[in-house]
Amino acid sequence: MIASAPGKIILFGEHAVVYGRHAIVSAINLRCRVKVRRAREFKIKSQIGVTGLDFRVHPYVSFAVKRFGEVFNLSGAQIEIESDIPIGSGLGSSGAVIVATIKALSAEFGIEMSREEIFEMAKQVEIDVQGRASGIDPFISTYGGAWLFPERRELNVPFEFFVINMGRRSTAEMVSKVAVLKKQHPEITEKIFDAIDRISIEASRNMGDKETIKRLISINQSLLRAIGVSTPEIDRVIAELERRGLNAKITGAGGGGCLFGILEGVIPENSIVVRCGEEGVRIEDE
Ligand code: MEV
């Protein structure tokens with residue numbers, strides 16, 4: 001069986017969402033496809049390499065298999081991964097591969113799982129690998145669409161976005177960097193999270209208003225910089241875009257990864273264009 005799940009763009013609220021604040025997230029038109037076949041042993045094939053269950057090389061898929069196996073008893077499977085989503089870039093490659101793996105395993109082994117069950121298992125897998133996670137990535141890869149999270153209010157995002165990839169980094173490292181800052185300066189960090197929370201809520205109420213959304217993108221980026229997840233290189237590219245009237249921010253964990261802004265006219269250099277509100281996890285034709 002083949003299942004596919006979408007990547008995502010966090011419009012507002014990354015990091016703060018790990019501490020219970022609101023975020024806005026949308027599924028995008030880049031997908032990860034996972035093919036599962038019954039087999040005697042476990043084999044995982046991806047652009048990273050070919051392994052058995054390997055918690056270092058293929059942590060997300062291996063933990064997905066482990067968690068699935070704890071509930072449904074599994075002795076072997078051949079798993080092939082193919083993805084349009086750049087790895088470790090903030091566009092939800094990990095969430096998408098976990099969700100598509102669980103869906104393909106359940107379909108191949110004839111087990112009914114609701115979207116909520118897939119999401120709950122995928123969220124656990126993300127925590128297995130990252131230690132701390134809000135669940136926003138597996139949520140959006142499972143359900144698709146665009147949402148105010150965690151309260152699950154569905155939104156219409158009437159824009160296309162340009163996305164610039166600034167290179168690979170580790171979400172777990174960035175999440176623990178913020179956890180350290182929060183320990184060192186709890187009151188300041190909590191206030192920044194509160195401000196980010198307000199940004200997400202105001203954005204959810206003004207999603208059709210391009211100028212407001214652009215302004216909120218800039219404020220959110222400044223706050224991400226304040227909690228240490230921007231980089232001098234990202235700041236430089238964003239300043240360059242701002243000189244041309246384009247507001248941009250990091251999406252996802254930062255420290256590299258992707259930045260995005262509303263697409264207006266010319267597509268900026270080195271960027272791809274993404275659409276929002278795409279469908280969640282689904283079975284694909286063989
Ligand atoms: C990662 O896509 C988003 C973070 O907020 C982590 C999380 O929510 O689990 C950085």
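We count ligands from 1, going down the list as the structure has it; atoms in each ligand are counted the same way.
When each of V50, V57, L53 is checked for a side-chain contact (heavy atoms from CB on, under 4.5 Å) with I44, only L53 meets the rule. Of the residues E279, R115, E116, the one that meets the side-chain hydrogen bond (donor to acceptor under 3.5 Å, both in side chains) test with Y143 is E116.
Residue I136 approaches ligand 1 through these ligand atoms, each under 4.0 Å from one of its heavy atoms: 8 (O). Against a heavy-atom cut-off of under 4.0 Å, I10 is close to the following atoms of ligand 1: 2 (O), 3 (C). Remark: ligand 1 atoms within the under-4.0 Å shell around heavy atoms of A133 are 9 (O). Each of the atoms 10 (C) of ligand 1 lies under 4.0 Å from some heavy atom of A253. Residue E14 approaches ligand 1 through these ligand atoms, each under 4.0 Å from one of its heavy atoms: 5 (O). Near K8, the atoms of ligand 1 lying under 4.0 angstrom from a non-hydrogen atom of the residue are 2 (O). Close contacts between ligand 1 and V18 involve ligand atoms 5 (O), 6 (C), 7 (C), 8 (O), 9 (O) [criterion: under 4.0 Å to a heavy atom]. Listed by number with element, the atoms of ligand 1 under 4.0 Å from a non-hydrogen atom of V17 are 5 (O), 8 (O).
A salt bridge is defined here as a Lys NZ or Arg NE, NH1 or NH2 lying under 4.0 Å from an Asp or Glu carboxylate O, and R215 with E211 fails to meet this definition. The pair E160-R275 fails the salt-bridge criterion, with no side-chain N (NZ, NE, NH1 or NH2) lying under 4.0 Å from an Asp/Glu carboxylate O.
Nearest protein heavy-atom contact of atom 5 (O) of ligand 1 is H15 N, 2.9 Å. Considering only non-hydrogen protein atoms, atom 9 (O) of ligand 1 sits nearest to S134 N, 2.9 Å.
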Checklist entry - Passes side chain to side chain contact (heavy atoms under 4.5 Å, CB included), K35 versus M1? Steps please. => result CA-CA 6 Å; K35 182 171 174 178; M1 284 287 184; over 6 Å; no
Next on the checklist: side chain to side chain contact (heavy atoms under 4.5 Å, CB included) for V36 and Q78? Distances and angles first, verdict last.
Outcome noted: CA-CA 6 Å; V36 172; Q78 185 166 328; over 6 Å; no
Item to check | Stepwise ring pair (Phe, Tyr, Trp, His ring centres under 6.0 Å) check, F162 with F260 | outcome: CA-CA 5 Å; F162 67 86; F260 80 97; 7.9 Å; no
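Below 3.5 Å of separation, one finds no N or O of E126 facing any N or O of ligand 1. The distance criterion of under 3.5 Å between nitrogen or oxygen atoms is not met by Q130 with respect to ligand 1.
A donor atom on one side chain and an acceptor atom on the other are not found under 3.5 Å apart for H22 and S204.
A tilted orientation is assigned to the rings of F109 and F68, their planes being inclined by 30° to 60°.
Neither the backbone nor the side chain of R132 has a heavy atom within less than 4.0 Å of ligand 1.
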